[in-house]
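Structure record follows, encoded as structure tokens.
Only a predicted model underlies this, so the values are computations on that prediction, with no experimental measurement involved.
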Amino acid sequence: MVGLSMPVADAETVQTPAETADPPDPESAFLGVSLAPFKEVVSAADIAFDPAKRGAVVVMKILPGTAAEGTDLQVNDIVTMFNGRDLPPDHPVKEITAAIKKNNPGDTITLSGFRNTSKITLNGKKVDPGLLQKSLQSALGTKGSWTDAEVRRHVVVKAFSVSIALGRRSDYLTFMELPDLDDVVYRAAAEPTLLATLMAEKWADQHATIEGVTKRHRAEAGRRLPGLCELESRFHREPTKVLDIAERMSTDLAHTTAHDTITLLMRYRTGNGPATTAKPDLPPLPESAEQARSQLWNLLERRIKMRQSLLGTGSAADLKQTAEIARYLHHRYISTAGAKNLPAGVDTLSEALLELEQKWDIDALYQMQRYIMSYFTEKRLRRLAKLLGANETRSYHSSAGTIVIGSSGADYHHSAADLTIDFGGNDIYSTLRESQRKGIIIDCGGDDVYRSTIPFQFGAGFLDVSYLLDIEGNDSYSAPDGSLGSGYFGIGVLEDREGNDRYECDSRSIGIGMFGIGCLLDHAGNDTYMGGYLVEGVGLAGGIGMLWDNAGDDRYIAHGLINSSYKEKKLYDGLSQGFGKGIREEARGGIGIVFDARGDDTYRSGNFSQGTGYFFSAGILIDHAGDDAYHCSRYGLGSSAHDATGIMMDRNGDDTYYSDLHAVCGAGWDRSVALFVDYRGHDRYESRRGFSFGAVDHNGIAYHYDLGGDDTYTNGFYVKQKNDYHGGRSFGAFVNLGGRDTYPKTFENNAMDAHGDFWFIDR
């Protein structure tokens with residue numbers, strides 16, 4: 001049988017408990033670390049490690065607020081023993097996570113192994129490994145050669161043993177209230193000397209400014225408009241806490257599992273999350289082919305009942321009008337042409353959406369989506385392959401729909417199906433007309449091609465739930481719009497676990513939500529995401545859209561279908577890559593998220609992209625590691641306009657930020673909140689005009705933080721606030737800590753100055 005290896009536990013990073021055949025139990029024992037297999041050979045006087053005889057795992061991350069935090073366990077520790085027993089050489093990550101899962105919360109476990117400590121010396125003096133090249137250049141000067149310096153690395157290997165009392169998974173997953181902090185605007189820069197300086201110089205004045213702007217933001221947040229997403233509202237109500245909330249989000253997204261992702265996004269949307277997060281009541285593994293088919297029919301019947309009860313009344317008239325509103329909004333977001341006439345029976349869009357919100361049952365969608373994702377586990381798919389056979393393609397029909405079972409060879413799936421399960425091979429899924437629509441797709445392996453010429457396909461929940469799971473292979477996905485992990489008054493998930501994949505669409509796709517949740521999850525590989533407009537992590541009215549990529553050197557491209565709304569030649573509107581958009585004065589926007597865990601990535605888009613919000617929405621882009629390159633035009637990289645929130649966080653790497661125009665890297669306009677944070681690395685910033693890097697106006701709050709490295713800034717600084725929209729004041733803060741930085745004229749390294757409502761701080 002081809003394609004059922006499903007190497008989940010050997011992924012580059014694995015949480016504990018492992019994401020194994022079944023979704024994790026919220027009440028199960030939880031350590032709180034990310035692990036990866038360790039393959040190197042280490043020899044020392046007290047340790048001999050042979051990966052062919054002993055297994056080992058390396059601690060990649062320690063989650064805050066979990067059992068592992070605060071113990072003697074450290075990142076980069078190599079664990080070779082669990083409770084005194086050696087780890088096996090094959091699948092050590094899976095072994096240790098399974099062992100943890102067998103324990104109960106409160107049980108004490110012991111991890112043993114070794115840790116490396118090392119230092120690098122240049123001509124006998126210790127240097128920072130990250131600055132070795134610059135230190136060499138400084139030591140040698142312009143006349144030196146590489147042979148003139150002595151560089152040595154000293155490694156010391158020490159044994160360790162740590163005992164840890166396990167916690168509960170639910171303790172970490174709970175959406176905790178954040179602590180109150182006194183003026184968290186300075187949190188990232190709160191080293192004692194700097195904070196003391198700020199308090200001594202105009203602290204009271206800036207404190208009053210922040211209070212005044214926050215008061216205006218809270219007043220606006222109370223406006224009664226449809227499409228409310230609780231997390232976006234919280235950004236607006238508490239703009240001084242945006243950094244803390246964003247850091248919590250960054251941690252959540254880095255350590256969530258595929259099964260927990262929808263739960264997490266539900267919390268972001270509703271504040272309290274779903275009615276229940278209990279493990280779905282799944283049937284046992286089938287014992288016969290008849291029982292297997294019965295379970296699959298039951299799954300489809302449950303989906304039909306869920307769809308019938310979506311609006312509470314479940315009436316055909318209500319569903320029809322909701323479908324008309326969904327299609328109206330779908331077109332309204334790309335152009336007013338073709339969306340001028342409201343659906344039948346709707347007087348004003350805002351009133352219709354407010355009424356719909358009161359009776360729309362998104363929790364029913366969530367419970368069904370979680371059931372589907374939990375049902376198709378590794379164990380169950382292996383059993384289904386054994387019982388139903390993987391030698392040829394067959395179809396089964398009933399009143400619940402059509403089920404297609406593919407073979408382990410190359411299949412061509414061109415007919416309509418409510419559920420397709422394919423056990424391997426290089427397959428083609430083709431949807432060229434309405435009569436060929438496909439619902440749930442589970443593909444177990446092979447280099448597959450998914451192509452559609454009609455909208456709402458391949459993990460697209462339109463008034464429904466939908467799931468596409470591709471377990472391995474280098475795959476290609478293409479569809480027009482409303483596809484590839486989209487939720488329009490529904491929930492849609494596209495999950496690809498392995499391979500160098502390509503995702504391509506026209507518009508409004510690749511992780512997009514509107515009064516629902518759309519999610520694209522890619523676990524590994526060097527991937528390409530390409531679309532035109534409103535793509536790659538977009539949240540529209542009342543929705544959340546997320547593109548989550550766990551590993552690989554990826555390319556994110558939004559090439560534009562619409563010329564710039566500001567009339568600049570050769571530029572375009574992107575509205576993509578972590579973007580939220582409301583319909584001004586009619587409906588709030590949603591939350592658009594792009595999360596990339598690691599890899600050297602490239603992001604390219606136009607206006608309003610890369611962590612940008614517009615009108616009561618939130619756009620968020622978080623990149624955890626890698627040397628990345630970002631290119632946008634106007635309003636991008638943690639910027640926002642008109643009562644919105646924009647967040648951009650890059651946690652590691654030597655990055656390049658380039659804008660054709662301005663309003664990037666922390667720029668807030670018109671009662672908006674903008675946050676840009678680059679945590680470390682030697683970075684280059686280029687904004688062609690003068691409204692970037694903590695720029696703010698019209699009662700906005702904007703932060704630009706660069707917390708390490710030798711950085712270069714070209715143009716972009718804005719110090720002439722107008723505030724003529726609403727009167728009052730704004731607050732903008734530029735903070736750069738560490739390194740020897742280069743600035744344009746009037747700004748310099750190691751200086752602090754206040755320009756009206758804009759603070760420039762370099763330390």
*For Glu220 and Phe616, what are the C-alpha separation, side-chain angles and deciding distance, and is it a side-chain contact (heavy atoms from CB on, under 4.5 Å)?*
CA-CA 9 Å; Glu220 282 298 292; Phe616 286 112; 4.1 Å; yes
*Take Asn736 and His704, measure what side-chain contact (heavy atoms from CB on, under 4.5 Å) needs, and give me the verdict at the end.*
CA-CA 8 Å; Asn736 191 302; His704 176 105; 5.6 Å; no
_Full working for ring-ring contact (aromatic ring centres under 6.0 Å, His included) between Tyr658 and His631_ = CA-CA 5 Å; Tyr658 178 84; His631 186 165; 4.7 Å; yes
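Between Tyr725 and Trp669, the angle of the ring planes goes over 60°, which puts this pair in the perpendicular group of the 30/60° scheme. Ring-plane geometry between Phe489 and Phe515 is classed as parallel, the angle between the planes falling under 30 degrees on a 0 to 90 degree scale with a further cut at 60. Under the 30°/60° scheme for interplanar angles, the aromatic rings of Phe760 and Phe734 are found to lie parallel. Classification of the Phe608-Tyr614 ring pair by plane angle, with boundaries at 30° and 60°, yields perpendicular. By the 30° and 60° cut-offs, the orientation of the rings of Tyr685 relative to Tyr713 is parallel.
Checking each of Trp759, Tyr703, Tyr718, Phe717 against Phe693 for a ring-ring contact (aromatic ring centres under 6.0 Å, His included) leaves exactly one that passes, namely Phe717.
Side-chain contact check for Phe462 versus Arg327: some heavy-atom pair is nearer than 4.5 Å. Within the 4.5 Å cutoff, no side-chain heavy atoms of Arg370 are placed close to those of Ile262.
Between His236 and Thr645, the side chains place no donor N or O within less than 3.5 Å of an acceptor N or O (distance only, hydrogens not considered). A side-chain N or O of His698 and one of Asp724 form a donor-acceptor pair less than 3.5 Å apart. With no hydrogens or angles considered, no side-chain donor-acceptor pair links Arg216 and His726 at under 3.5 Å.
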